[in-house]
Amino acid sequence: EAQVTQNPRYLITVTGKKLTVTCSQNMNHEYMSWYRQDPGLGLRQIYYSMNVEVTDKGDVPEGYKVSRKEKRNFPLILESPSPNQTSLYFCASRPLGPNTGELFFGEGSRLTVL
Amino acid sequence: AQSVTQLGSHVSVSEGALVLLRCNYSSSVPPYLFWYVQYPNQGLQLLLKYTTGATLVKGINGFEAEFKKSETSFHLTKPSAHMSDAAEYFCAVSENMEGNEKLTFGTGTRLTIIP
């Protein structure tokens, strides 16, 4: 089954304790991206990647890191989480090319930073 | 820069009634437009998209949307609401899906269906 898998789905942590949210897709997509969803703000892009070893900042990259060492994986790293990073996070992927359009989303990771 | 405005963060309709969710966009070039749906505790999934060609686009679950360039709108409609349509709906715009252009999402509209 074609899917984007995120882990963990739920996490409660404390300020300053490094954490990683993993994302893996089995569709051989070149493009991957991380979004955060907050009430009243919709989805905002954190980082994206066009292919292996190619990453770039989205609209709200502060406090986050990413890496793309393999095509299928795109982990999101919070080196020193803060309460304002409490949010619902989504990983998404799509192929590159004309008229591809559709983003495929994972089921989300709900993070609470105390 | 591209942007999306969704009018109404919450919309309630009776079961069997018309569903109309409004979306207006801003784009400097001909846009690609999308509607995504998010059911509780799930990720977003594509309802329908407009890229080029016919301006009336049909999607899954009986939804459709019409691209109106003169009004910069892409409203989502369904003739008869079903209880299973209760979800959050996001309109999104992109100016170039071939490269690194990201989707810009609206703030979402939560649809409630009244029995």
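In the text below, chain A, chain B and the rest are named by the order of the sequence lines, each starting its count at 1.
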Colleague: Side chain, backbone, both or neither: which part of A:Leu43 has an atom under 4.5 Å from a heavy atom of chain B?
Modeller: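 For A:Leu43, heavy atoms of backbone and side chain both lie under 4.5 Å from chain B.
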Colleague: If you tally heavy-atom pairs under 4.5 Å against chain A, which of B:Gly108, B:Gly43, B:Gly106, B:Ser9 wins?
Modeller: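 Between B:Gly108, B:Gly43, B:Gly106, B:Ser9, the count favours B:Gly43.
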Colleague: Quick check on A:Asp59 against chain B: is it the side chain, the backbone, both or neither that has a heavy atom closer than 4.5 Å?
Modeller: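 Only the side chain of A:Asp59 comes within 4.5 Å of chain B.
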Colleague: Scan B:Trp35, B:Phe105, B:Phe34, B:Phe63 and name whichever one has a ring pair (Phe, Tyr, Trp, His ring centres under 6.0 Å) with B:Tyr89.
Modeller: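 Among the candidates, only B:Phe63 passes.
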Colleague: Pick one of side chain, backbone, both or neither for A:Gln37, based on which atoms fall under 4.5 Å of a heavy atom in chain B.
Modeller: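 Contact with chain B is through the side chain of A:Gln37 alone.
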Colleague: Does atom CZ (A:Arg44) have a neighbourhood of more than 12 heavy atoms from anything else shown, all under 6.0 Å?
Modeller: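 Yes, CZ of A:Arg44 has more than 12 neighbouring heavy atoms, counting only those of other groups under 6.0 Å.
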Colleague: Heavy-atom cut-off 4.5 Å, strictly under: side chain, backbone, both or neither for A:Arg9 against chain B?
Modeller: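 Contact with chain B is through the side chain of A:Arg9 alone.
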Colleague: Without hydrogens or angle criteria, can the side chains of B:Asn24 and B:Ser73 be said to hold a donor-acceptor pair below 3.5 Å?
Modeller: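 Not at all, the side chains of B:Asn24 and B:Ser73 share no donor-acceptor pair under 3.5 Å.
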Colleague: Can you tell if the side chain of A:Tyr89 reaches within under 4.5 Å of the side chain of A:Tyr35, non-hydrogen atoms only?
Modeller: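 A side-chain contact is absent here, since even the closest heavy-atom pair is not under 4.5 Å.
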Colleague: Is A:Arg94 positioned over the aromatic face of A:Tyr31, cation under 6.0 angstrom from the ring centre and no more than 45 degrees off axis?
Modeller: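 Yes, a cation-pi geometry holds between A:Arg94 and A:Tyr31.
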Colleague: Please flag which part of B:Gln6 lies under 4.5 Å from any non-hydrogen atom of chain A: side chain, backbone, both or neither.
Modeller: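 It is neither, since no heavy atom gets under 4.5 Å.
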